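Everything quoted here is computed from the prediction, not taken from an experiment. All values below come from the heavy atoms of this structure, side chains included, with hydrogens, waters and symmetry mates left out.
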Amino acid sequence: MLPGLHIAKQALYHRLPAVGFAAAMLVAAPHAVLAQDESDSASINPLETEVPREIGFEANELRYDETTDTVSASGNVVLRSGDQSVRADEVSWNRMTGEIIAAGSVRLVDENGHQLFTDRLVLTDELEAGAMTNLLLAFRQGGRLAAMEATRAENGDIELDRAVYSSCAVLDADGCDRSPSWRVTAERVYYDSESSRIRFRNAYLELFGARILPLPGLTVRADGSADSGFFVPDIGLTASNGIEISDSYYWRIADNRDLEVTGYIFTEAAPMVSAHYRELTGNGAYQVTGYATYGSRIPLNSTVPTSQNDFRGYLAANGRFQLDENWTAQGSIRVASDRTFLRRYDITREDRIRSVVELQRVDDNSFVSVAGWATQALLVSTPQGEVPLALPLIDARYRLEDPVVGGMLQLQANTLAITRSEGQDTQRAFARAQWDLRRITPMGQEVTLTAMVRGDIYHSGDNLLTNIAAYRGEAGWQARGVATAALDIKWPFIGEFMGGTQILTPRVQFVASPSIRNLDIPNEDARAIDLEDSNLFALNRFPGYDRVEDGARITYGADWQANFPGWRIHSTIGQSYRLTDEALFPDGTGLNEQFSDVVGRTEVRYQDFLKFTHRFRLDKDNLAVRRNEVDATVGSDRTYVEIGYLRLNRDIDFTLEDLQDREELRVAGRVAFADHWSIFGSAVINLTDRNEDPTFGSDGFEPLRTRLGIAYADDCLEFGFTWRRDYIQLADAQSGNSFRIYFSLRNLGFN
C-alpha cells in the first residue's frame, strides 16, 4: 500500500455527511505498480509503465478496508471512464486483484451508447470485462437482449445463455410494463461489438407468447442497420394469377448499395422474378427495378390468348445527381413489355407511364432545363405511334438582378420538338420578356402592373393525321407575336370576427392582348382547358404555351379568410367579363361567352381533425353546377374517413377527348380498436352515365374497385389480411376477388 493512502481515505470519509455525496478521482493502475514498495519506486522506468486510466467516482458513502485493500461505496454510486459509465446501489473495488463488483440495480452504458441492466456485474479496473446475472441489454437503436447469465469480454463482446431478443418496447405509453408482441428465444446468443451483429444458436420465434417457427442461423444487426437475409414470405390469391407465394432475399452489398431479389410462384401463371438495386454515390443516388417472366398474354381489347409465349417484363429506374453547386442531373425511365403486364401483376394501375431525363441549372437569378419526355400508352386505345416523344425540351429563364423602371424583368427562351412515328410532328421555339411592378399604396392596396411580349416560331408536318381540326394548325413554318398588358389590384381589409380575425380581399384585374393567330399554330400542350379558381386570374387561362387568350377582359372576385382558435376558413369566388365577342374556348369550358361562369373554392380546417375542400363552377345563366368537387378528411391518424367526389357536367363535345365529363366517388376509412387493431377499407365508384359521356356503357353506378382489410400494428410487428375486388377486365388482367396476407417484423432477418 502506498504511504499516506489510509489517511487520505479517512479524511474523505469523514467529510461525507457534510456534502451528502463523495466525488473522488481514483487512478486505476496495474496491480504490480500499485504494490511496489516506496523504496523500489525510484527504480521504475516511467516509459515502461502502462498509463493509468482515470475513473470518476461518486457515491453517498465511501469506506476503505486497509486489511483487504478494498474500497466500498454505496448509495447512488457512479463510475465514469471516458464514454463509459456504471451506476449501482453498491460497488466494491479490490485493489489487490483489480476486481470491481457492482450490485443492486446496475446500469452500464458503453462507449456506443448501449445500456446493460443487471443485478450483479463483475468488472476489471479498466471497466472492460465482466460476468453478469439476470441482465437486460438495451441497444441504442432499440433492440433488447435478456438472459439469466452472461459474460462480457474485454473488447465488449457479450455471450449470453438462455437468452431472449426483441425489438419491441417493454413499456407502454403510460410507462407500464408490457409483454413484447414477438421475441426470439435461444440457447445461446453472441453479440459482436465490432460488427454490431447478434448471432443466435437454437433460436425460435415466439408470437404473443406462442412458439411458432425455428430460426436456424439467425443473425440480426444491433445497430438497427440492414443486414443480408431472407424476408418473411408473402401469400396472396388473385383472379388473374391464382395463388401467389413470393419471397425476397436482401443483399447488403456495402453501406452505400444493396440489392433485393424476389421470386414469385403462381398457380395460374408462369413464375416471375424481380430485382431492386439501390446505390448512394458521392454526388447523388439512383435505383433500378426490374420484373421478368415468360408466359402467354392477351392483347388489349382481345379475349383470346396469343398462340405462343412471350417475354414479359417491366423496367423502372430513377436517380438524381448534384454535379456541382448549380447543376443537377435527374431522370426517371419506365418501360413495360406490353400494355397489360403492370395491371395483371398489380404493379401499377396507371393508364400510361412516362419517362423523363433532365439536366438542370439553378442559381439566384437564372434557371436552365434541358429535358426529354417519352410516354408509353397502356390501358388506353391510343396507338403507340400516335403518342408523342418530346425531345428536346429546353427552357431557360433569367431574372435581372437590378430593377428596370422600378420593376422586375424576367427573360425566357424555350424550344420543343415533338415527334410521332404515326402522327403529326411539331417543333416550337419562342422568346419572352415579362416586366412586373408591384407597389403598396398609402391606403393599403396592392397594385401590380405587368407587361409581356413574346415571339413564336413553329414548324409542323403531317398535320392531317391529327383527328381534331382545332389541334392541327397550319403545316410548315408559322410565326406569331404575343403582347399582353395587365393591371391587378388587391385591397385587403383586416378586422375582428366572432372572437377571431378575418381578412376580406376584393380583387380586380384588367388584361388586354391584341388579336393572336392561334388557329394557325398546332396545339400540343394547351388542350385540357377548364375554368377553375386556380386559373381565374392567370394572364393566360390556357394551359401550356400553344394557345394564348387574346382580347380584353376584366376579372373580379374576393378572398375571405377567418381564423379562430383551432379553426381556419378560406374562401374565394370570382368571375370574368370579356370586352370582345370572339371566343377561342370550346363550349362548356365556362369561358366561351363574354361573361364567364362563376368559380370558387372553400377550405375549412379544424386542427388536425377536419380538412374540407370544396371547388365549384356555376353556370352564369342558371347557376347550374358545372363542376362540383369535394375532398374531406375527418378523424385522427388512427381513425378517420376520407371522401372524394367529382362531377364535371359541362356538356362538352364528346369528340374533345381531353375534356370529357365525369362523375366519380371515392371513399376510404380506418377504424382503430383494442390499441393496435384496425379495420380499413376503400372504394372507387364511377357514376358517369351515357348522358354525360355517350362512349360509356355504364348505367351511372359502376364500381371500379373496392378494398377491405383488418390489420395489427405496434412498434415492432405488423400483419394483416386484405380483400380487394376489381370490376374491370382488361385482356389478361381479370376482374374478380383478390386476397393477400402480409406479415412484417421490424429488425429481424435471416442470414
Tightest non-hydrogen contact, residues Asn463 and Gly473, listed as ND2-O, 3.3 Å

Taken to the nearest 0.5 Å, the spacing of Tyr727 OH from Ile685 CD1 works out to 8.5 Å

Tightest non-hydrogen contact, residues Leu539 and Ala486, listed as CD2-CB, 3.6 Å

The reported gap from OG1 in Thr602 to CD1 in Ile573 (rounded to nearest 0.5 angstrom) is 8.0 Å

Pairing donors with acceptors under 3.5 angstrom, does anything connect the side chains of Arg553 and Ser576? no

Answer yes if the side chains of Gln575 and Tyr556 hold a donor-acceptor pair under 3.5 Å, and no otherwise. yes

**OP:** Answer yes or no: is there a donor N or O on one side and an acceptor on the other, between the side chain of Ser460 and the main chain of Glu474, under 3.5 Å?
**Re:** yes

Those residues at least two apart in sequence (or on a different chain) that pass salt bridge (Lys or Arg N to Asp or Glu O under 4.0 Å) with Glu524 are Arg420, Arg527

One should read off an interatomic distance between Ile503 CD1 and Gln561 CD, to the nearest 0.5 angstrom, of 5.0 Å

Residues passing the side chain to side chain donor-acceptor pair (under 3.5 Å) test with Arg617, sequence neighbours excluded, are Asp530, Asp597

>> Between Arg438 and Asp436, does the salt bridge (Lys or Arg N to Asp or Glu O under 4.0 Å) criterion hold? Intermediate values first, please.
In response: CA-CA 7 Å; Arg438 178 179 175 271; Asp436 294 284; over 6 Å; no

Interatomic distance, CG@Asp726 vs OG@Ser738, rounded to 0.5 Å, equals 6.0 Å

Here the gap from Ile418 atom CD1 to Leu389 atom CG, rounded to the nearest 0.5 Å, amounts to 9.0 Å

Is the backbone of Arg725 close enough, under 3.5 Å, to the side chain of Arg707 for a donor and an acceptor to pair up by distance? no

Within the 3.5 Å criterion, strictly below it, is a donor on Gln427 or His459 matched to an acceptor on the partner's side chain?
yes

Arg724/Asp346 ion pair, N-O < 4.0 Å:
yes

- Task: Please check if the side chain of Asn518 supplies one atom and the backbone of Arg547 the other of a donor-acceptor pair under 3.5 Å.
- Result: no

Between Asp559 and Lys490, does at least one N-O distance fall below 4.0 Å, as a salt bridge requires? no

- Message: Does either side chain, that of Asp395 or that of Gln412, offer a donor lying less than 3.5 Å from an acceptor on the other one?
- Response: yes

Applied to residues 578-600, the ring pair (Phe, Tyr, Trp, His ring centres under 6.0 Å) test, sequence neighbours excluded, yields Phe542-Phe585, Tyr577-Phe595

message: So does Thr505 get a backbone contact from the side chain of Trp560, meaning a donor-acceptor N/O pair under 3.5 Å?
response: no

Sequence neighbours excluded, the answer for side chain to side chain contact (heavy atoms under 4.5 Å, CB included) partners of Pro514 is Ala483

Residue set satisfying ring-ring contact (aromatic ring centres under 6.0 Å, His included) with Tyr314, at least two apart, ordered chain then number -> none

Run the salt-bridge test on Glu593 and Lys620 with the 4.0 Å N-O cut-off and return the result as yes or no.
yes

Quiz item: Is Leu411 atom CG crowded by more than 12 heavy atoms from other residues, nucleotides or ligands, each under 6.0 Å away?
Solution: yes

Query - N-O pairing of Arg605 and Asp608 below 4.0 Å - result: yes

Please check if the side chain of Gln509 supplies one atom and the backbone of Thr555 the other of a donor-acceptor pair under 3.5 Å. no

Legend entry - CG (Asn467) with more than 12 external heavy atoms under 6.0 Å: no

Discussion item. As a quick check of understanding, evaluate side-chain hydrogen bond (donor to acceptor under 3.5 Å, both in side chains) for Thr688 and Glu663, giving each step before the final call.
Written reply: CA-CA 5 Å; Thr688 308; Glu663 187 173 7; over 6 Å; no

His614 meets the ring-ring contact (aromatic ring centres under 6.0 Å, His included) criterion, sequence neighbours left out, with Phe616

_Test your reading of the model: is there a side-chain donor-acceptor pair from Arg480 to the backbone of Asp546, 3.5 Å cut-off?_
yes

Got a salt bridge between Glu350 and Arg354, using NZ or NE/NH1/NH2 to carboxylate O under 4.0 Å? no

Residues at least two apart in sequence or cross-chain that pass side chain to side chain donor-acceptor pair (under 3.5 Å) with Arg439, listed by chain then number, are none

Verify salt bridge (Lys or Arg N to Asp or Glu O under 4.0 Å) between Arg399 and Glu401, making sure each step is shown before the conclusion.
CA-CA 6 Å; Arg399 181 180 62 193; Glu401 187 171 355; over 6 Å; no

By salt bridge (Lys or Arg N to Asp or Glu O under 4.0 Å), Glu386 pairs with (sequence neighbours left out) none

So, does Asp462 use its side chain to make a donor-acceptor pair with the main chain of Leu465 at under 3.5 Å? no

Margin query: Looking at Arg428 and Asp456, is any side-chain nitrogen of the basic one under 4.0 Å from a carboxylate oxygen of the acidic one?
Written below: no

Hits for ring-ring contact (aromatic ring centres under 6.0 Å, His included) against Phe430, two or more places apart or cross-chain, chain-then-number order -> Tyr545

Any side-chain to backbone donor/acceptor pair from Trp491 onto Met443? Under 3.5 Å, distance only. yes

When every non-hydrogen atom of Thr639 is compared with those of Ala672, the smallest separation belongs to OG1-N, 3.0 Å

* To do: Look at atom CG of Asp621 and say whether more than 12 heavy atoms of other residues, nucleotides or ligands are closer to it than 6.0 Å.
  => yes

Please confirm whether the backbone N or O of Glu532 pairs with a side-chain atom of Asn535, one donor and one acceptor, at under 3.5 Å?
yes

So ring pair (Phe, Tyr, Trp, His ring centres under 6.0 Å) across residues 622-652, not counting sequence neighbours, yields none

Side chains of residues 367-380: which donor-acceptor partners sit under 3.5 Å, not counting sequence neighbours?
residue: Ser369; atom: OG; partner: Glu358; partner atom: OE2; Å: 2.4
residue: Gln376; atom: OE1; partner: Ala336; partner atom: N; Å: 3.0
residue: Gln376; atom: NE2; partner: Ala336; partner atom: O; Å: 2.8

Review point. Is there a donor-acceptor pair closer than 3.5 Å between any side-chain N or O of Thr589 and the backbone N or O of Pro586?
Key: yes

Contacts of Tyr398 meeting ring-ring contact (aromatic ring centres under 6.0 Å, His included) (sequence neighbours excluded), chain-then-number -> none

